[in-house]
Amino acid sequence: MSKLSFEFPDGNQKEFDAGVSVEDIAKSISVSLAKKAVAGKVDGELVDVFAPLQKGGKIEIITSESEEGLQVLRQSAAQLLETVAKKQFHDIKIGEISADEDGFYVDTDKAERQVSADELDELANQMKRIIKNDASVKRVYLSKDEALKEVDGDPYQAKIISEIDSDNILFYDIAGVLTLAQGVVAPSLKNIKHFKLLSVAGAYWEGKSSNPMLQRIYGTAFYKEAELEADLKARQEAKERDHRVIGNNLDLFFVDPKVGAGLPYWMPNGATIRRTIERYITDKELANGYQHVYTPVLANLDLYKQSGHWDHYREDMFPPMEMDDDEMLELRPMNCPSHIQIYKHHIRSYRELPLRIAELGMMHRYEKSGALSGLQRVREMTLNDGHTFVAPDQIQDEFKKILKLMMDVYDDFDIDNYTFRLSYRDPKNTEKYFDDDEMWNKAQSMLKGAMDELGLDYVEAEGEAAFYGPKLDVQTKTALGNEETLSTIQLDFMLPERFDLHYVGEDGKEHRPVMIHRGIVSTMERFTAYLIEMYKGAFPTWLAPKQVEIIPVSDEKYGDYARKLNEKLSAIKIRSHVDDRSEKMGYLIRDAQTHKVPYTIVVGENEVKNNTVSVRKYGEDNSRDMSIDEFVMEILKDISSYSRDANKEKESVDKVR
RNA sequence: GCUGAUUUAGCUUAGUUGGUAGAGCAUCGGCAUCGUAAACCGAAGGUCGGAGGUUCGACUCCUCUAAUCAGCACCA
């Protein structure tokens, strides 16, 4: 029998006979380790404890303590859920089942009616019964033919089996039911003590919308009760962070179904936040060499035919309006063609490059109804858009400049939880994109090269590019954990070609510029939603709709002092307000706190006498007495520094030089 | 768009064997003028998302439709 060599995490090497299992290997170290082992990991791949190993490599024994141990627990729970689902519904079909850092899921398909949320409790009870009475898991290996026979009548399982590259297919026998292994299951189910079935939702088979939709059952599981409870609590808290909830509570925005889905209204409070962001980013861009413009939201459809949007982006566009004189007008889905018109309006010299055109450009996209979500996904949005026209040899430099600007802006907003994603076209589905292999390859490698040169980490994703070029996307997560793109920088060789753009070079000849599309603070809608969730509605002073709430202890006696103070603050553009409603002071303070006003000022007898204010900052329990001038100094400094800690400044900007 | 669920006063929500709706907060009116998270009393406010149907009678049952939510697919 041949020998296999294994290397342990501590560097030790050991040899075993081929066909040895992880359990055997663990036993050779210690019996207690073998007992604790829930799986093994060979060369980075999880394996069942009992699986006969056919090749050696780096080996790790997985116990409940590790990340992978948790994954095994969840996979076990998923496989158990599959078992009870099969017992409960004899005609059920099973699609993909999976476990990850968020929990686990099992895809099901039932002829009559899909599994409903009401049935989750019953399924969970049956899972518990098996864990209690019959927790052992037997391994059964079937040949491919036997396996296909076993899952007869279930096309999804048959498809999965047919794609397995082996004639030795592992099934788990749980309580007398065979389930195809779609991951690694622990030796026993007795560790599944703390789990919860969370919800059901549709999910396309194999993730393709052309395929039938299955019913996905979501759940989660932990080794420790405290961890499960913490997780459930975190899910609850995520809902409290939801920008739609906060937006309603703080009266920031709303969507009226009678007016239209995905068409948000900004209430004065939300509008103030948006206006502050807009002023900030406009000033920032003007200071960085951008020229701000205004261009029409409507244009002749021909413009979007020439740009390629009509061919490649029509699904996301509103249908054109046919006018009396047969002209077709289109609501723009993107601003790039508009800025191209600005570029083309004059003959451009190489001396003007890079030419940076920016606009808070309103666009309309016909988003699928199911995609709409508060301010995160809407049908009318205003993008912090910018297009730089550069000579080919300026691409790298301009890319870096944009990235530096972006990180500078992120610092001002305290955004530090994001990842870079290089988004390429899908090589298998090229008809979605402009057809020019050479340009795609060039643009993609240029982007990658720039990122590598800057030494920044990124992930690469095929099929995420814009139809006209590859992009660098900045990916963030919403409160509910969904990934979304915030900022983006896109390289475009196509539109300059399509619109026959040129500039006059030093040599007096015409040259083709390259376009860089970029959005720094995303759309006003999405960015505001992101900030609401990030700050949990407690906006830093410079962004807060109301910065100061002044509360007189008694309106009759101290109201005048409060109003005079308010005038003084308002005169220097501090967003201040006197709450002179005839309510008890405690009530007014509570109101200011629940609305997360950064500064609450109480004025009464002492303050009037000493010409001072009693200041309570949001998040602090104690109030401080200070003179009015001291307070003005403090809040002005707070606003001008974007409410940042002085020592935190400029850290990430330095990363991009 | 798809699967499932939901839709009751401005907001949050109660209301199952079908007999035309209760509450808290907010609002308004009184009363109180009060030192750091909700004083007290009273009033007004909904025909139960919309349309159609079954029924003597529907918020409660059925059909269609719209929107919202979870997720999938799609995306700033």
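Proteins come first, then strands; the chains are lettered A, B, ... in the order of their sequence lines, and each starts at number 1. Note that this is a predicted model, so its numbers are computed, not measured. What's counted below: heavy atoms across the whole structure, side chains too, no hydrogens, waters or symmetry copies.
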Of B/U27, B/C74, B/A70, the nucleotide closest to the side chain of A/Arg244 is B/A70
Can you identify which nucleotide, out of B/C74, B/U33, B/A37, has its nearest atom closest to the A/Arg590 side chain?
B/A37
Of all the choices, B/G35, B/U68, B/C74, which nucleotide is nearest to the side chain of A/Ala261 once you look at every atom?
B/U68
Using a cut-off of 4.0 Å on non-hydrogen atoms, how would the nucleic acid contact of A/Lys557 be classed: base, sugar-phosphate, or nothing?
sugar-phosphate
Spacing of A/Gln114 atom CD relative to B/G71 atom C1', expressed in whole Å
13 Å
Side chain of A/Val602 (C-beta onward), nearest among B/U36, B/A76, B/C72
B/U36
Check this for me: does any side-chain nitrogen of one of A/Lys368 and A/Glu315 sit under 4.0 Å from a carboxylate oxygen of the other?
yes
How far does the P atom of B/U6 sit from the matching atom of B/G24, given to the nearest Å?
27 Å
If you look at every strand shown and take non-hydrogen atoms under 4.0 Å, does A/Glu367 touch a base, only sugar-phosphate, or nothing?
base
Distance under 6.0 Å and angle within 45° of the ring axis: does A/Arg379 meet both against A/Tyr366?
yes
What does A/Leu588 touch in the nucleic acid at a heavy-atom separation under 4.0 angstrom: a base, only the sugar-phosphate, or nothing?
nothing
Determine the sole option in A/Ile489, A/Val459, A/Leu472 for which the side-chain contact (heavy atoms from CB on, under 4.5 Å) test with A/Phe420 is passed.
A/Leu472
Is there a donor and acceptor pair closer than 3.5 Å between the side chain of A/Tyr204 and the base of B/G1?
yes
Side-chain contact check for A/Ser554: nearest option of B/U33, B/C34, B/G1 is B/U33
Give A/Ser209 one of three labels, base, sugar-phosphate or nothing, depending on what nucleic acid heavy atoms sit under 4.0 Å from its own.
sugar-phosphate
So A/Gly519, base contact, sugar-phosphate only, or nothing? Heavy-atom distance under 4.0 Å.
nothing
Between B/A70, B/G1, B/G35, which nucleotide has the shortest distance from any of its atoms to the side chain of A/Ser614?
B/G35
Nearest listed nucleotide, side chain of A/Val200, among B/A76, B/G1, B/G4:
B/G4
Which part of the nucleic acid does A/Glu607 contact within heavy-atom distance under 4.0 Å: base, sugar-phosphate only, or nothing?
base
Please pick, from B/C2, B/A73, B/A70, the nucleotide with the shortest atom-to-atom distance to any side-chain atom of A/Met213.
B/C2
Within the 4.0 Å heavy-atom criterion, would you say A/Tyr218 contacts the bases, only the backbone, or no part of the nucleic acid?
sugar-phosphate
Side chain of A/Val553 only, please: which of B/U33, B/G35, B/A76 is the nearest?
B/G35
Encode nucleotides 6-16 of chain B as B, S and - characters from 5' to 3', where the letter depends on protein heavy atoms closer than 4.0 Å: B to the base, S only to sugar-phosphate, - to neither.
-----SS----
Would you mind classifying the nucleic acid contact of A/Ser582 as base, sugar-phosphate or nothing, using non-hydrogen atoms under 4.0 angstrom?
base
How are the rings of A/His309 and A/Phe467 set relative to one another: parallel (under 30°), tilted (30 to 60°) or perpendicular (over 60°)?
perpendicular
Take atom P in B/A9 and the same atom in B/U65, then report the distance between them in whole Å.
24 Å
What contact category does A/Glu484 fall into here, base, sugar-phosphate, or nothing, at under 4.0 angstrom with non-hydrogen atoms?
nothing
Looking for any heavy atom pair under 4.0 Å, which part of the strands does A/Lys432 touch: base, sugar-phosphate only, or nothing?
sugar-phosphate
Determine the interatomic distance between P on B/C59 and the same-named atom on B/G52; round to the nearest Å.
14 Å
Please classify the nucleic acid contact of A/Ser116 as base, sugar-phosphate, or nothing, using heavy-atom distances under 4.0 Å.
nothing
Which pair of heavy atoms, one from A/Ala466 and one from A/Tyr433, lies closest together, and at what distance?
O-CD2, 3.7 Å
Under 3.5 Å, is there any donor-acceptor pair linking the side chain of A/Thr523 to the base of B/A76?
yes
Just checking A/Lys110: base, sugar-phosphate only, or nothing, at a heavy-atom cut-off of under 4.0 Å?
nothing
Answer with base, sugar-phosphate or nothing: what part of the nucleic acid does A/Ile589 contact at a heavy-atom distance below 4.0 Å?
base
Of the options B/A39, B/G35, B/C74, whose atoms approach the side-chain atoms of A/Arg377 most closely?
B/C74
If you look only at distance, which donor and acceptor atoms sit under 3.5 Å apart when one is on a side chain in residues 101-111 of chain A and the other is two or more places apart or in another chain?
from, atom 1, to, atom 2, distance (Å)
A/Tyr105, OH, A/Glu96, OE2, 3.3
A/Asp107, OD1, A/Arg216, NE, 2.7
A/Asp107, OD2, A/Arg216, NH2, 3.1
A/Thr108, OG1, A/Gln215, O, 2.9
A/Asp109, OD1, A/Gln114, NE2, 3.0
A/Asp109, OD2, A/Tyr156, OH, 2.7
A/Lys110, NZ, A/Arg113, O, 2.9

Considering only the C1' atoms, how many Å lie between B/G71 and B/U54, rounded to the nearest integer?
35 Å
Counting the atoms with a prime plus P, OP1 and OP2 as sugar-phosphate, which does A/Leu486 contact under 4.0 Å by heavy atoms, base, sugar-phosphate, or nothing?
sugar-phosphate
Which atom of A/Phe434 lies closest to which atom of A/Ser307, heavy atoms considered
CZ-O, 3.3 Å
Could you check whether A/Arg332 makes a cation-pi contact with A/Tyr313, meaning its NZ or CZ is under 6.0 Å from the centre of the six-membered ring and within 45° of the ring axis?
no
For atom CD of A/Glu583 and atom P of B/G30, their distance in whole Å:
14 Å
Rounding to the closest angstrom, what is the interatomic distance between B/C69 and B/U12 at atom P?
12 Å
